[in-house]
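First up is the structure itself, then whatever we jot down about it.
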Protein chains: 2
Amino acid sequence: MTLLPASAVPATPVGLAVDVAAFAMHDGELRVLLVQRGELPHARDWALPGGLVMSGEELHEAALRVLRSETAVELEPRHLEQFHTFGEVGRDPRGRIVSVAHLAVLPHGTVEVAGEASGGHTLGAGWLSAHRPPALAFDHQSILDRALARLQLRLEYANLALEFLPETFTLPELQGVHEAILDRKLDKRNFRKRLLSQGVLTPSGERRTGVGRPAQLYRKAKNARSAAL
Amino acid sequence: MTLLPASAVPATPVGLAVDVAAFAMHDGELRVLLVQRGELPHARDWALPGGLVMSGEELHEAALRVLRSETAVELEPRHLEQFHTFGEVGRDPRGRIVSVAHLAVLPHGTVEVAGEASGGHTLGAGWLSAHRPPALAFDHQSILDRALARLQLRLEYANLALEFLPETFTLPELQGVHEAILDRKLDKRNFRKRLLSQGVLTPSGERRTGVGRPAQLYRKAKNARSAAL
DNA sequence: GCAAAAGTGTTGCTGTTACACCCATGA
DNA sequence: TCATGGGTGTAACAGCAACACTTTTGC
């Protein structure tokens, strides 16, 4: 910290931004929130929501603001976490911009509202396939890749899958979330054994009826971690 | 990214810095490189080397520059990795400074040279106990805590312990590095079994003689990972 | 009674822990 | 020969992967 003049902070010509990879489940698929750019560079391409950090603003506040302003919807993430900072010199043709990338998880149902929105500089917003997205602007594909990797990590260490679901849910539903995030099928018996032995789920007594045999409903147990490293 | 005017990058009044937690082994102990501040705030307190990022400079280049300029020594890290970005509004009394924290590993022997140095604004630099450091300036204790946690993680996922040692080393020496990083004793037999079964070590044929029974020397195998998430 | 989805156990493998004695060398 | 540190094996346990059939409901 000693290269800093003791007086005031010099305005370095390095712009600081946040980008947000916000995930939710829709149609049994993992979706990511993307905005379609309305201006150059990369006009009409899809991009992660992002924007410059303001001076009095915490990083996570900037992430929330950006999420809301670019989608015109009051999104309430269940989880928000910084996961990497992207600062390669050539990553943005407009100048030197370093971006702190965030991972957000939005609960079930969120996906309904954000079909069409119009921030100032976007053509719209949408929830698109996270594993097979369209071509993305800037280095946003790298950011998304890394966000997915972190999300997959968090399945093991925290129980982040729970945050994608409503308060009560069935085990097959939870398994579906894991499968969507990992992008592969899991064994039903092993999954149940593992999850139930962790003791983070409590049966609600109710059952969900519908097609086929009714399923036990569970909810998150009182003692559930959420953060790690 | 859409809150950015398409023209040029506005100079946000947010300063971007890097801080570096550089580790090395000395006297069988894990040490971290600290500089003693020569000016306010926190004059005479110890701090991690750090400084503002310049506009054309990659983040890791800034980390290397800061490491060198504040210690007046040509340090050649074996590993350098960004691990978290610290941006809390009140973390620096001089203004809004967001800092991308880096973890560096320096090889055995490095510790000899950096006893006394004099960058412009420091009283000196030194390698101090990483697990029991003196009081640190700003939020540098939080940064160090997180750096240690990441370093411990990297013992499992990469084989970062190897980077602390010279090209050839004995198994007890390697175990010593693990113990110093984890700050606890390990079982000799289990450690050997685990490391040898990983196949990342190849015996060099030579033995190290000295006190007691001579020890087999090993070197890093050709196929060794170094990075993960 | 049939379609659809929920639920259930066992076996083998692999990795981890705990634990105590003998071996090779230099002084 | 003794002090010093290097090197070795086994048994219990936990966690994980593979694998197929029965149960409950709605129609």
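Throughout, protein chains are lettered first and strands after them, A, B, ... in sequence-line order, and every chain is numbered starting at 1.
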Closest to the 5' end of DNA chain D, once E173(B) and D187(A) are matched to their nearest nucleotides, is E173(B)
Is F86(B) close to I143(B) at the side-chain level, that is, under 4.5 Å between some pair of heavy atoms?
yes
Tell me whether the centres of the aromatic rings in H42(A) and F138(A) are closer together than 6.0 Å.
yes
Can a donor-acceptor pair under 3.5 Å be found between the side-chain atoms of R213(B) and the base atoms of dT4(D)?
no
Most 5' of G212(B) and Q216(B) on DNA chain D, judged by nearest nucleotide
G212(B)
Phosphate OP1/OP2 of dG7(D) contacted by R192(B) side-chain N/O (<4.0 Å)
yes
Decide if the gap between the ring center of F191(B) and the ring center of H178(B) is smaller than 6.0 angstrom.
yes
T85(B) side chain to T85(A) side chain, donor-acceptor N/O pair below 3.5 angstrom
yes
Could you check whether atom CD of E88(B) has more than 12 heavy atoms from other residues, nucleotides or ligands sitting under 6.0 Å from it?
no
Using a 4.0 Å cut-off to any heavy atom of chain A, which nucleotides of DNA chain C are the first and last in contact, reading 5' to 3'?
dA4(C) to dT10(C)
Within this structure, what is the CZ-to-C1' distance between R207(B) and dG5(D), rounded to whole angstrom?
14 Å
Rounded to whole Å, please give me the gap between CG in L174(B) and C1' in dG7(D).
15 Å
Tell me the interatomic distance from L182(A), atom CG, to dA17(D), atom P, rounded to whole angstroms.
11 Å
Compare all side-chain heavy atoms of Y218(B) with those of T202(B) and state whether any distance is below 4.5 angstrom.
no
Whole angstrom value for the distance that separates C1' of dG5(D) from NZ of K188(B)
7 Å
Separation of atom NE2 in H178(A) from atom P in dC16(D), rounded to whole Å:
13 Å
Between P on dC19(D) and CG on L186(A), what's the gap in Å once rounded to a whole number?
15 Å
Between P on dA20(D) and CZ on R189(A), what's the gap in Å once rounded to a whole number?
8 Å
R208(B), CZ: over 12 other non-hydrogen atoms inside 6.0 angstrom
yes
Return the nearest nucleotide to the side chain of N190(A); candidates are dT4(D), dA20(D), dA17(D).
dA17(D)
